[in-house]
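Numbers here simply count residues along the sequence, with the first being 1. Values below: all heavy atoms of this structure, side chains included; hydrogens, waters and symmetry mates excluded.
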Amino acid sequence: MCLNFTPPLFFLSFSLLSQIYCTGDLLKQVQLARLFSDDKHFVDMPLRESPELVLKKFQQLVNVTPGGILSKEQLQQFVSSSFSDPGQEFEQWEPQDWTSSPQILAKISDQKLQAWASDLNARWKSLGRKIKDDVRTHPMFYSQIYVPHPLMVPGGRFIEYYYWDSYWVIEGLLLSEMAVTAKGMIQNFLYLVERYGHIPNGGRVYYLRRSQPPFLTLMMDAYLAHANDTEFLRENIHLLEVEYEFWQRNRSVSLTVGDRNHTLNYYSVQIGEPRPESYSKDWELVTDLNEDARQELWAELKSAAESGWDFSSRWFLSWPPPLPAKLKDTKARAVVPVDLNAFLCKTEHLLASFYRILGDTTKAAQFQAALERRLESVQAVFWNDAAGVWLDFNLLKKQPNPAFYPSNLAPLWTDCFSDQAAAERAVQYLEGSTVLSYKNGLPTSLARTGEQWDLPNAWPPLQHMVIAGLAKSSSSRAKEIAFALAQNWIRTNFALYKKYQAMFEKYNVDGDGKPGTGGEYQVQEGFGWTNGVVLQLLDLYGDRLTSGSPSNPFGAWIVAACIFLLNLK
């Protein structure tokens, strides 16, 4: 398989499967022939026969073909005879803990929003999946990674489970009173940690070399807040620690600020080759590069994909605007990200708390010390007093990235700060930029690069992190902004739901609002984390949110700020 550690002998038999779905001539020829409009289609197709026979058949075709390059027709016939359509791994499943009337509905005053929330609650039934037992007993025929419990998928082209998406899905399930399904998803991730030592990006063998933002411990915390299940924590806390240690061992970097050395975390996949699910695009990107440069760029793309932000100017070396920025400039491994370290800060806090609950004072002290070290490092490395916010640090430039990203405010959400004035400074930071002028949501950046994690897109998890972080602060102004952002986001999502009868993975902040754009594929419907974030905002503000026409609640603030600045001149 596509593993990034030395596996037990049992897993060595999967090396042939890797030659089909992860790397090798078969994968290269099929993907570069563009048999399908989406490269992901091919690597999601199950095998009709053993990988040994499939590879043998392919090699026989290569041997009798002049030059060894099969024609598109030959490849189509080969794929049709050797592979089945994607989706064969799943069986029909409907969650048994689904209810038509969760209590959250009673908290929503606006009748239209209440009816919408009811529709979203019903959508869990269409997003639910159960992996067939045949994937467990005959894993050699599938790129799907088996997990034992039913799960929720994002939707659209994403027909398998994904790591960080699942945090907001689980939060939504818990608000829909589906704790059994939520627990099952957490059990699946624990199963993956026990089996592989980390949680892959998603549920495919071609994702095994990279992870995604570490949310497992936060998932456990969300579940425990809804269920008195200390025994579940006791049975599995060692696996939460195993996942934490994966990030500490494999994704840590040391840097010096002043006279102090700090160890923080970053995204870093130390393997080249094109991403199997986007093979042809990755290949096109490097046609004018030498082999070393190709492998380097492919590793950077995988590292950026591990962040979940694939792709964004955030990872481009040539920032800030007006310097030209493009995908070839991706240097994700040079970035020490604010949000990743904020997530791990929360993980350390929770592990210390969990061990105290379980009576293990030694472990609790260990993680409390780790938390205090990280708090110091986050302040020293990321906090920028001039900007009044935390900023990603670039290792190559040895300086912070001054550009706006919602992730700059992640420490507010995870309580990864000591200065209680941080929320007020964050308010000033937001008001000092143009980001509050967008009425359809908080933009992912202010750079228009054509990548999906840049302007004009707004993403559900980023809205939630910023809103929740501001909402729980003691600053009244921060609370006002949090509600205004939530109102904008709910109105945008609801308006497009009425228009399309669909929820989207991302939204466009320009104009009157529309589904998101840009990136490597068309905007997807479903959509797991979008539904989860909407339910969380309705739970937080259900008695105040309205479904009326969008407006810009920040307009008066912006006018006042402009008048103030003019008076200074």
Asks: I'd like to know if R251 and E306 make a salt bridge, using a cut-off of under 4.0 Å between side-chain N and carboxylate O.
Replies: yes
Asks: Which of these, W459, W315, Y405, F316, sits in a ring-ring contact (aromatic ring centres under 6.0 Å, His included) with W453?
Replies: W459
Asks: Are V435 and F404 side-chain neighbours, meaning at least one heavy-atom pair lies under 4.5 Å?
Replies: yes
Asks: Could you walk me through whether Y429 and N408 pass side chain to side chain donor-acceptor pair (under 3.5 Å), step by step?
Replies: CA-CA 10 Å; Y429 171 71; N408 292 349; 3.0 Å; yes
Asks: Would D339 and R314 pass as an ion pair if we require N to O under 4.0 Å?
Replies: yes
Asks: Considering all heavy atoms of both residues, which atom of L430 and which atom of S433 are nearest to each other, and what is their separation?
Replies: O-OG, 3.0 Å
Asks: Could you tell me if the ring centre of W413 sits under 6.0 Å from that of H464?
Replies: yes
Asks: What is the ring orientation for Y507 with F504, classed by angle as parallel under 30°, tilted 30 to 60°, or perpendicular over 60°?
Replies: perpendicular
Asks: Would K28 and D25 pass as an ion pair if we require N to O under 4.0 Å?
Replies: no
Asks: Taking all non-hydrogen atoms of both residues, which atom of L297 and which atom of K328 are closest, and how far apart?
Replies: CD1-O, 3.9 Å
Asks: My understanding is that only one of Y167, Y161, W168 makes a ring-ring contact (aromatic ring centres under 6.0 Å, His included) with W164; could you say which?
Replies: W168
Asks: For E160 and R204: C-alpha separation, side-chain torsions, deciding distance, then whether salt bridge (Lys or Arg N to Asp or Glu O under 4.0 Å) applies.
Replies: CA-CA 8 Å; E160 55 282 298; R204 298 283 175 181; 2.6 Å; yes
Asks: Within a 6.0 Å radius of atom CD on E194, are there more than 12 heavy atoms belonging to other residues, nucleotides or ligands?
Replies: no
Asks: Are Y244 and F367, when compared by the centres of their aromatic rings, separated by less than 6.0 Å?
Replies: yes
Asks: Does the salt bridge (Lys or Arg N to Asp or Glu O under 4.0 Å) test come out yes or no for D38 and K281, once each step is laid out?
Replies: CA-CA 10 Å; D38 185 347; K281 294 180 178 64; 5.6 Å; no
Asks: Are D454 and R448 close enough for a salt bridge, meaning some N to O gap below 4.0 Å?
Replies: no
Asks: Is the shortest distance from a Lys or Arg side-chain nitrogen in R333 or E296 to a carboxylate oxygen in the other one below 4.0 Å?
Replies: yes
Asks: Could you tell me if the side chain of R210 sits less than 4.5 Å from the side chain of Y267, heavy atoms only?
Replies: no
Asks: Is any side-chain N of the basic residue among R157 and E505 closer than 4.0 Å to the acidic one's carboxylate O?
Replies: no
Asks: Using a strict threshold of under 4.0 Å (side-chain N to carboxylate O), is an ion pair present between E300 and R275?
Replies: no
Asks: Evaluate side chain to side chain donor-acceptor pair (under 3.5 Å) for R374 paired with N265, printing each intermediate quantity in order.
Replies: CA-CA 10 Å; R374 193 176 301 269; N265 297 85; 2.9 Å; yes
Asks: Should F393 and F382 be marked as a ring-ring contact (aromatic ring centres under 6.0 Å, His included) after you check the CA-CA gap, both sets of side-chain angles, and the distance that decides it?
Replies: CA-CA 7 Å; F393 189 84; F382 298 128; 7.9 Å; no
Asks: Pick from F215, F527, Y207: which one makes a ring-ring contact (aromatic ring centres under 6.0 Å, His included) with Y162?
Replies: Y207
Asks: Could you work out, with salt bridge (charged side-chain N to carboxylate O under 4.0 Å, His left out) as the rule, every residue matching E291, not counting sequence neighbours?
Replies: none
Asks: Please determine whether the number of non-hydrogen atoms from other residues, nucleotides or ligands lying under 6.0 Å from atom NZ of K514 exceeds 12.
Replies: no
